[in-house]
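Note that the structure is a prediction, hence the values are computed from the model and not measured.
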Amino acid sequence: MDSFLSQASIYLAAAVIAVPIAARLGLGSVLGYLAAGIIIGPILGLVGSEAEELQHFAEFGVVMMLFLIGLELEPRALWAMRHHLIGLGGLQITASTALLAAAAIFFGHSWQVGLAVGLALSLSSTAIVLQTLSEKGLTRTGGGRATFSVLLTQDIAVIPILALLPLLAAPHAMSLSEDGSIVRTDDAQDAAHHSLSLVEGLPGWAVTLMTIGAVAFVILAGVYLTRPVFRFIHASNLREMYTALALLIVIGISFLMTLVGLSPALGAFLAGVVLANSEFRHELESDLEPFKGLLLGLFFITVGAGINYKLFLAEPGDVIGLALLVILAKGTVLYFVGKAFGLKRRNHWLFTLGLAQAGEFGFVLLAFSLQLNVVTPDLSEKLLLVIALTMLITPLLFILYEVLSKRMKEAQVEHTPDEIDEEGTVIIAGIGRFGQIVHRLVNASGFKTVLLDSDMKAVQLMRRFGVKSFLGDPTRPELLKAAGISKAKVLVVALDDQENATKLVAYARRNYPNIHIVARAYDRNHVFALYKAGANDIVREMFDSSLRAGRYVLENIGLSEYEAAQAEQTFYAHDRHTVRELAAHWIPGTPASENPAYIKRAKELEKDLETALLSLAEEHVKRSA
């Protein structure tokens, strides 16, 4: 017990210290977990052989993650992905296996060993990649969806790979046990088969029936059994029973899948898809999310702690060279596969760099290959280290992606700007939600507007509703001249890009000093920038709606509509005064929290607001009395 508590304290302390540091440095939690494992394992030696045993337990975090991913996917969405699953994922696995197997054969291994190595290294890390995509908000991008399709295909492919490996085994291979007796591979396989299995010893047709039956049971149970079971649990009024049921669903399905020789991760994913339309979906997500996060973190720590530093120190050049070779080979395949399927620029590089590592299933396949005597112990040990090293490098590949992403603009189809053949009293630059509302009000009041936007989709959307708008960059002087800015009375700046919005305001004020400029601001700092650029009226995105919501609150806690409106108007007038006052103390590029003069004046103005509103409240009390 003391040993367990001490080990648990070490693992948790390492995670609590290393992960926040890595997150604050922008490296992501995965690299923090891996670094924590390396520090407490190879560097300090605080943990030892138990890391491998913990890794098998922590791999259950991958199972939970796939279950939660399944909850986000409806069956229709999965069917819609079939082309990516078969085409994109299948091509990646096949091409990566062929290239890595050829490299292994080139280094002198037999074709059986080469194929086994290629299959093991062709699979990427579901745990690391999906966790990183989720953290960085890349899951719903084109590259993120393509990456997920490949990872899902790889998880499914583990099943046929496990069935293929025994065919590559050397017949009747022998080795010496510790007591000096001869052990054949067949004996090792027999020992392995003593584990629980519903398909052991059955003919092929029976195995197929059992497998189909297990999958059918999962689907039918998800459709027909979950609702009555959840209602039964709900009747107990015990919150912890929901958590117990969520764990039972995932663990029970995983156990059933292992009994019929299927991947627990695949079974959990299937169950998640079945329950995606269930009213209990959000309950399951909230119950399992903490377990998934901790188990995945533990898995990454054990990967770092399990690195064989002695072998690494003995052959650092070979290990690093092989790891880079694997990343280069897979990256090359991914680059051309992504290109063939039409991925562009940022999405293409996310797909290429995100999947270039080997993954956790490689540990499983290599262990099974060693058991079958397909690979030698020395080769297996080295390849396990290579896989761990590629996983360790993965967060750095995502950092490389971010660097490349910042240097390139999202791929856009170049459209020829429209010839503007109209002029109006009001020019609206930017026709998103904000610009559309302004246009509708002004146009319905009988005034002519000219709408400009560089987004082809926005322009096409407006045209579908019969609103004439023009494609082009509103910050370009020639476009503004064509729109009649020299004759226009008002320019509305409603661009999403803050820098371009400020740039447009400054240009218009400098070259057309008589025009009235109404600009949308993102936040108060943007208000100051627009104010100094020369905007006449500045509207913060959330300010007016928040102010109206505050008025509704006052109306429902005792104030009359008139009194609430008075408070709203007082706040509005004071805020306009405050912005002008604070603009004098605002320093571009310096956060308000680090500007003493700004903070001092803001506190003084806030006291003035409290005084004004308190006087209104006192008047309300007097009238009520």
Visitor: So Ile599 and Lys603, side chain to side chain contact (heavy atoms under 4.5 Å, CB included) or not? Walk me through it.
Guide: CA-CA 6 Å; Ile599 294 174; Lys603 288 181 177 179; 3.8 Å; yes
Visitor: Compare all side-chain heavy atoms of His585 with those of Lys600 and state whether any distance is below 4.5 angstrom.
Guide: no
Visitor: In the structure I gave you, are the side-chain heavy atoms of Val129 and Phe398 within less than 4.5 Å of one another anywhere?
Guide: yes
Visitor: Could you tell me which non-hydrogen atom of Ala268 sits nearest to which non-hydrogen atom of Ile253, and how far apart they are?
Guide: N-CG2, 4.1 Å
Visitor: Looking only at heavy atoms, what is the nearest atom pair of Leu100 and Ser122, with distance?
Guide: CD1-N, 4.0 Å
Visitor: With a 4.5 Å limit on heavy-atom distance, are the side chains of Phe351 and Thr141 in contact?
Guide: no
Visitor: With heavy-atom distances below 4.5 Å as the criterion, would you say the side chains of Phe528 and Tyr598 are in contact?
Guide: yes
Visitor: So, do Leu130 and Thr126 sit near enough that their side-chain heavy atoms are less than 4.5 Å apart?
Guide: yes
Visitor: Answer whether the closest heavy-atom distance between the side chains of Trp349 and Leu400 falls below 4.5 Å.
Guide: no
Visitor: Kindly give the heavy-atom pair with the smallest separation between Tyr11 and Thr302, and that separation in Å.
Guide: CE2-CG2, 4.5 Å
Visitor: Let me confirm one number: the CG-CG distance from Leu365 to Leu165, rounded to the nearest 0.5 Å.
Guide: 6.0 Å
Visitor: To the nearest 0.5 angstrom, please state how far the CG atom of Leu366 sits from the CG atom of Leu383.
Guide: 5.5 Å
Visitor: Can a side-chain donor-acceptor contact be found between Thr394 and Gln357 if the only test is distance below 3.5 angstrom?
Guide: yes
Visitor: Any side-chain heavy atom of Leu370 within less than 4.5 Å of one from Val374?
Guide: no
Visitor: Could you walk me through whether Phe107 and Leu325 pass side chain to side chain contact (heavy atoms under 4.5 Å, CB included), step by step?
Guide: CA-CA 13 Å; Phe107 284 114; Leu325 179 63; 4.0 Å; yes
Visitor: Do you know the tightest heavy-atom contact between Leu392 and Ile38?
Guide: CD2-CD1, 3.5 Å
Visitor: Output yes when a side-chain donor or acceptor of Thr390 lies under 3.5 Å from a complementary backbone atom of Ile387, and no otherwise.
Guide: yes
Visitor: Between the side chains of Lys330 and Thr352, does any donor sit under 3.5 Å from an acceptor?
Guide: no
Visitor: Take Leu138 and Tyr401 through the side chain to side chain contact (heavy atoms under 4.5 Å, CB included) test and state the conclusion after the steps.
Guide: CA-CA 11 Å; Leu138 298 170; Tyr401 160 75; 3.9 Å; yes
Visitor: NZ/Lys310 to CD/Glu381 distance, rounded to the nearest 0.5 angstrom?
Guide: 11.0 Å
Visitor: As a quick check of understanding, evaluate side chain to side chain contact (heavy atoms under 4.5 Å, CB included) for His109 and Leu379, giving each step before the final call.
Guide: CA-CA 10 Å; His109 297 288; Leu379 179 61; 3.9 Å; yes
Visitor: Atom CG in Leu121, atom OG1 in Thr97: separation rounded to 0.5 Å?
Guide: 9.0 Å
Visitor: Here's a test for you: under side-chain contact (heavy atoms from CB on, under 4.5 Å), which of Val117, Leu385, Val375 qualifies with Ser380?
Guide: Val375
Visitor: State, to 0.1 Å, how close Ala36 and Ile301 come at their nearest heavy-atom pair, and which atoms those are.
Guide: CB-CG1, 4.5 Å
Visitor: What do the steps show when you test Asp496 against Arg520 for salt bridge (charged side-chain N to carboxylate O under 4.0 Å, His left out), and what is the final call?
Guide: CA-CA 9 Å; Asp496 290 332; Arg520 179 187 69 174; 2.8 Å; yes
Visitor: Just verifying a value: how many Å separate Asp318 CG and Lys382 NZ, rounded to the nearest 0.5 Å?
Guide: 4.5 Å
Visitor: Which heavy atom of Met391 sits nearest a heavy atom of Ser125, and at what distance?
Guide: CE-OG, 3.8 Å
Visitor: In this structure, are over 12 heavy atoms from other groups packed under 6.0 Å from Trp586 atom CH2?
Guide: yes
Visitor: Donor-acceptor check, side chain of Thr94 to backbone of Leu91, threshold 3.5 angstrom: yes or no?
Guide: no
Visitor: Counting only heavy atoms not in Tyr522, do more than 12 sit closer than 6.0 Å to its OH atom?
Guide: no
Visitor: Quick check against the 3.5 Å criterion: does His348 have a side-chain atom that pairs as donor or acceptor with the backbone of Gly338?
Guide: no
Visitor: Take a 6.0 Å sphere around CD of Glu541 and say whether it holds more than 12 heavy atoms from other residues, nucleotides or ligands.
Guide: yes
Visitor: For the atom pair CG (Leu334) and OG1 (Thr147), what is the distance rounded to the nearest 0.5 Å?
Guide: 8.5 Å
Visitor: Taking side chain as C-beta onward, heavy atoms only, is Leu151 less than 4.5 Å from Gln154?
Guide: yes
